[in-house]
Every structure is written in structure tokens, then in C-alpha cells.
Number of protein chains: 2
Amino acid sequence: MPSIQSLMRDKAALSVDLSAVIMAATPDEPRVLTVRAVPQQLDGLPSGPLQSQHRTLEMGLRAWVDQQTELKLGYVEQLYTFGDRDRADTDYRGAGHALSIAYLALVREARLAGLAQAAWRSWYDYLPWEDWREGRPKALDVIAPALKAWVRAGGRPLRQFREERIELTFGLESGTWTDERVLERYELLFEAGLVPEALRDAEPRTTAKARLAPGQPMALDHRRMLATAIGRLRGKIKYRPVIFELMPSAFTLLELQRTVEALSGVRLHKQNFRRLVETQGLVEETGDTTTETGGRPARLVQFRREVLVERPAPGLRLPGARRTDL
Amino acid sequence: MPSIQSLMRDKAALSVDLSAVIMAATPDEPRVLTVRAVPQQLDGLPSGPLQSQHRTLEMGLRAWVDQQTELKLGYVEQLYTFGDRDRADTDYRGAGHALSIAYLALVREARLAGLAQAAWRSWYDYLPWEDWREGRPKALDVIAPALKAWVRAGGRPLRQFREERIELTFGLESGTWTDERVLERYELLFEAGLVPEALRDAEPRTTAKARLAPGQPMALDHRRMLATAIGRLRGKIKYRPVIFELMPSAFTLLELQRTVEALSGVRLHKQNFRRLVETQGLVEETGDTTTETGGRPARLVQFRREVLVERPAPGLRLPGARRTDL
DNA sequence: TTGGCTTATACTCAATTTTAGCATAAGCAG
DNA sequence: CTGCTTATGCTAAAATTGAGTATAAGCCAA
């Protein structure tokens, strides 16, 4: 029955890439490493073909990153395998599957010596509607009406369905923004034809002349990968201490908070945030303080590794995510 | 730099399978669909090669399941791509990559007409240490001492590391069982050489004559896939109403609770469970009752689809997971 | 050297949620 | 009608969360 060992009959039509969403962060901005892909003049994620000398997929990815950059990958996890036959890659269109196994990697330092065309970019250059730190992002002024138009463009039965989906992902009416639903939001914009990638893939149609959502597109389906990675990371910081993979060895509580805010895209209540971090036992004092913060000197703290064993799900449940909206 | 379009130089050494972890559940037992793989006399997961006519990976999986079974897949999500070069598949050992893209699928009914060698099996036939519903599983009587021996077998620096990992995953000392860490536990047992798959892969070594952990092995790395799927599902029911993909259209609150318990492997506090379900607005009354439960007739309820729009993360946060241990 | 500005940190209080029960209801079997 | 079973309602105490107030400790400029 399941012929597990049967070989592909269509080998020629198959390729497998490893793609890396490599992230770093400062208290001000969450970053992703992108390279400028010449063919389309678009930014893309670093990626390379899976090769037979790679013993495992993750080792393949690490080897590739090692070879191409000087970054030391800390945390690495597999994200998702993208493999629709019609991925937006002209070389493969219709010919068969171009699989891409995407990984999420976190790095602490942001040095880029030796990386010619690579650059650290803010997440929000590509997905500006995801940043609510300064209140409702302006990108929504374009997106909201365009989505409404998309609802109206649908047939009777479609409308309610689309409306609900918009509400579920963007929460425009009820004001319930769910920071993790990054991919769902991107996919909605994609389906609504509000990102150029969607038009690129589709038959050239003049139907939708909707204004596009702000935000820079990326090569192939790399923006989808980025959205997947951001959503995953935003979810993960809530129950695993991965945030510390992005922090320097010593930092102040406010720096930690700002970094979390940068990633999650929302502002937090300061006092409650500190209380959470401390009652969870996530950090311990180094003994030093710093005056670089402006006001009263702040204690420097570091990640307390022991929590891993103590608590079942140590993370930052984002207390008091302040509704900065409206 | 990232030569995205470069073809694999070693095509011959590459194959891609789609594997399905298809799950169903009753209030008594969580089930997985397995097929008997003849070559090794072991149970395995249904799987089949990715073919070029499949437009998307998920469609490939669905097509394959459609063709081979009469099951109607409800919820489907991609789980993980397994692709170590030395996957426990003798046909590919050393030759190159045998990728397997595993999917998790949930089905409501458990009819199996037409599936010859397929059968619904309890999860816990394969991973018996994961079932704490009747208290501490007996499997741990074998596993705990074997793990201790493994700690002792390690060199000085290794010991503490191993000890912490055991504590983190199994929580034997502190009694902190974390239901989702299914994969981490399986991988630990694998590394400790307590599952036959590990020995199968390794050079035949006579070193570890440790007793194996109870639980039936599976073909290839299918038990790892199962563990991945269980962990994912256990996590997911806590913040998404996926449990209802496994329930009949109408059910009692106790049936719902028992099903959740079957999946999560722990017992819950009855009154608090109902309160949670009701305050979350996850269900609504159908108006009917059933006397089939033995005592006082129970109201029949059904999933309330509206919660999807109302609540950001509707799920069963497993209130009062009673420590049935010791 | 002092007042004003900044950020840090300590505490408080009310509202909400969770934990762990007790108590009562409503069928069925004998 | 009694006792058994499961269903369902309700509650008191504990813990957590949300939203502040108050105070501390630097720096800077008048």
C-alpha cells in the first residue's frame, strides 16, 4: 500500500532549498537578514540548495550560513516547508515542485563583515501593518478600505465569510489585535490582491486595481516566510525564553521590555512587565548598573538559566499589552 | 550568492514522501491510523511519494488519503519535514536524502471500510509513558532507572546536562509533567538508547544492554512523527478549538472532557472544566439531552462557531490539570 | 547647589481568574 | 422508595492581573 520506498518518477522536476529567516533585535527594532536578489531587484532571504553531503537538514542550513556569513546562529528551528508547484519562481513555474524548507534562526550580534549584498532590515519595512507600538499603524489607512472593497467585490455567499476573516485577523471593528496572526494577515492580503506577489503570480488581470498595501515586497514567497517566522517567534516568546537568544549577556529590564515590544509590535505596561519577569525568575542581577539609560541608573541583569528546569513554560506572557489603538 | 535557482547536483539521491498522522479520538482513547508495513513487520504511518501532478503539498496529501481511504480529512496542518540523510530507511542509508513531509490530520469518524491493512491504534500503544490518566504510567518503572543508568554512563561533564534534560522533560523529581513535551521525551529516550529505533540505526553496539522502554516501535522514524503530532495537538487544543474536529456534532460536556483528557493524557477537574468551556462560550446547547451516560441525563451541546471571531485564542487552557501522579 | 528632567524601582488596591470543594438535581435499578 | 450514578449549580479562598501612586537616584542647567 504506502510504497514508502518508491522513488520519484519525476526527479527532474524537483528541487529542495534551505531558506533562513535570520533574526536579530535591538530595543528599537526587530531585524531580519536579507540579501538583494539581482534578477528581480527585490530583497530576499538567504537560501541555498540542499546538498547530499549535508547530514541533516539543520546541519545543511548551518553549513550554508557558516560558509556565507560570519554569523553564529544560536537558536535554530524548522519553520515550514513551502512547496506549492506554482511557487513564484519563474524557473519552475509549472515544471514541478520547488520545495523550500525554511528555518528560523536567532542571533545576538549584528555584525555583517564579509556579507556583500546582505543587510539587516527592520521587519516592518516589509510588513508595516504589524507594528502597533506607536498606535494604529498608518498602513491600515490603506488596507482597511481596500479590504472593505474586497468584501464588496465578493458574491453574496462570500461576503460574510470574508468579513469574518478580516475581523478575525485584523480585528478592525472589535479592536482585538492578535500579535501572532502575522501569517494569516499576510495571506489575507495576498488573497485580496493587496500585495504585489499575488499579482505577480496570477494571470495578468486588470480586474483589481486596488491600491496595494504599504510595505516592501520580497523575492519569491520570502515575505510569506518572514510572516511565518514572525508569527512563530511572537507566539514562542510567550512560553519559552527565546527572547534571551536575542539579548546581550547583560541588559536592563527596560531594554528587555523594549525588545519584547519590538518583536510583538505592541506596548506593554512597564511595572507589570518587570513584576512578571521577576516573579517568573527569568533573570538575575549581575551586580552592575548602568547610567546610560538617562535617568536613575538601572540594574543590569542576565538570563537565569535555571528557570528552564524550574518552570514548565517560562516565557513572557505579555502582561498588560496596552491597547494603543483607535 | 544565494543561488536559488541552482538545481540539485545529486538528484538521484533525493526522494520526497508525504506522511500523514491521521488522528481520531473517543472519550476513552486517542487514536492514530497505522498500516502494517510488511518489510519490517512494524506498524507505520500511511505515506506516499510526492508527485508532480500535486499542485500543493497539502493537496498531494489529501489526494493520497482520498485515494487510499474513505476518510474525510477535516483539519489538516503541516507538522514537520524529516530529512536527515540517515533516516532509518535501509533503502536510502548513506545514499542521500529521503525527505518526508509529515502532516497532522484530524478526522471525526473512525470507519475504515476498504482499508485492508490499516487500523486505528491507541497513541499509547506506541508511547505508553504519555498516559497519566490513571496515575503515573507503569512504563516509568522501567524508564526512570534506565535513564538514571544513562546519566551514570556519561562522563563527568555530561552528567549534569543529562540530568537536567531528564528533569526538564520527564519531571520525575519535581513532579512537573508537561503534557506537550512529547517529542522531547521521545528524543531523550532515543538518545539514551531506550527505544529500538535508536539501536536499529546505530552501529551494532553491545555497550548499552539497557532494558528498552515499553511501547511498540514503528517503521522508520514514524514514531518520532507520531510524537511530534501528539505534542503539537496537545499544545494546540489549549489555544485553538481544534478539539471539536474530533468530536461528533453533539456531545455532552463530560464526553468533551474525557476526550480532552485522552489527548492530553491527564485528568481534569470536572466543575472547573465545564466552567471554562462555558465562560469561553465554546459550546451551545442543542436542546436535547441523553440518558446514555448513566446518571442524571446530560445536556447535549455543540461547538459554537462564533467564538472564532469573538475570542482571540479560544481553546481549553486545561484548568486544574490534576496532579494524579506519585 | 538646587530645581527640574529622566528613568528606575517599590508598593498598593481592586478586579478577575483559578483552585478546590460542597451541595443539589435527576435519571435508573432493585 | 432507596441507593447509585452522573449532571449541574454555587462558593470561599488563593493567586494572578491590570492600572496606578509614590519614591529613588542619576544628570543637567540655571
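Below, chain A is the first sequence line, B the second, and so on; all start at residue 1. Only heavy atoms go into these numbers, but all of them, side chains included; no hydrogens, no water, no symmetry mates. Since the structure is predicted, the reported quantities are computational estimates derived from the model, not experimental observations.
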No-hydrogen, no-angle side-chain donor-acceptor test under 3.5 Å, A/Ser122 and A/Glu29:
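Yes, because at least one side-chain N or O of A/Ser122 sits under 3.5 Å from a partner of the opposite role on A/Glu29.
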Whether the A/Arg274 and A/Gln257 side chains hold a donor-acceptor pair (N or O, under 3.5 Å, no angle test) is what I'd like checked.
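Note: A/Arg274 and A/Gln257 side chains miss the donor-acceptor criterion.
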Atom [atom1] of [X] to atom [atom2] of [N]: distance rounded to whole Å?
X: B/Leu256; N: D/dT6; atom1: CG; atom2: P; value: 18 Å
X: A/Leu268; N: D/dT17; atom1: CG; atom2: C1'; value: 14 Å
X: B/Glu278; N: C/dT18; atom1: CD; atom2: P; value: 15 Å
X: B/Leu300; N: C/dG27; atom1: CG; atom2: P; value: 14 Å
X: A/Glu292; N: D/dC28; atom1: CD; atom2: P; value: 13 Å
X: A/Gln257; N: C/dT9; atom1: CD; atom2: C1'; value: 13 Å
X: B/Glu255; N: D/dT8; atom1: CD; atom2: P; value: 11 Å
X: B/Asn272; N: D/dG9; atom1: CG; atom2: P; value: 14 Å

Looking at the side chain of [X], which of [options] is the nearest nucleotide?
X: B/Pro297; options: C/dA8, C/dG27, D/dT6; result: C/dG27
X: A/Arg296; options: D/dT6, D/dT8, C/dT9; result: C/dT9
X: B/His269; options: C/dA8, C/dG21, D/dG26; result: C/dG21

For the side chain of B/Arg274 and the base of D/dG9, is some donor closer than 3.5 Å to an acceptor across the two?
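In this structure, the two groups form no donor-acceptor pair.
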When you measure only distances, ignoring hydrogens and angles, does the side chain of B/Gln271 come within 3.5 Å of the base of D/dT11 through a donor and an acceptor?
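In this structure, the two groups form no donor-acceptor pair.
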Donor-acceptor check, side chain of A/Arg185 to backbone of A/Ile166, threshold 3.5 angstrom: yes or no?
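Answer holds: no.
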Should the pair A/Trp177 and A/Trp132 be assigned to parallel (<30°), tilted (30 to 60°) or perpendicular (>60°) ring geometry?
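Because their plane-to-plane angle lies in the 30° to 60° range, the rings of A/Trp177 and A/Trp132 count as tilted.
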Give A/Arg275 one of three labels, base, sugar-phosphate or nothing, depending on what nucleic acid heavy atoms sit under 4.0 Å from its own.
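Base, at least one base atom sits under 4.0 Å.
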Relative to the 5' end of DNA chain D, which residue comes earlier, A/Thr291 or B/Arg299, by the nucleotide with the nearest heavy atom?
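Its nearest nucleotide lies further toward 5', so the answer is B/Arg299.
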State whether A/Lys270 places a side-chain N or O below 4.0 Å from either non-bridging phosphate oxygen (OP1 or OP2) of C/dA8.
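Yes, such a contact exists.
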Any side-chain heavy-atom pair from B/Arg121 and B/Arg31 closer than 4.5 angstrom?
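In short, these two side chains do not touch, never coming nearer than 4.5 Å.
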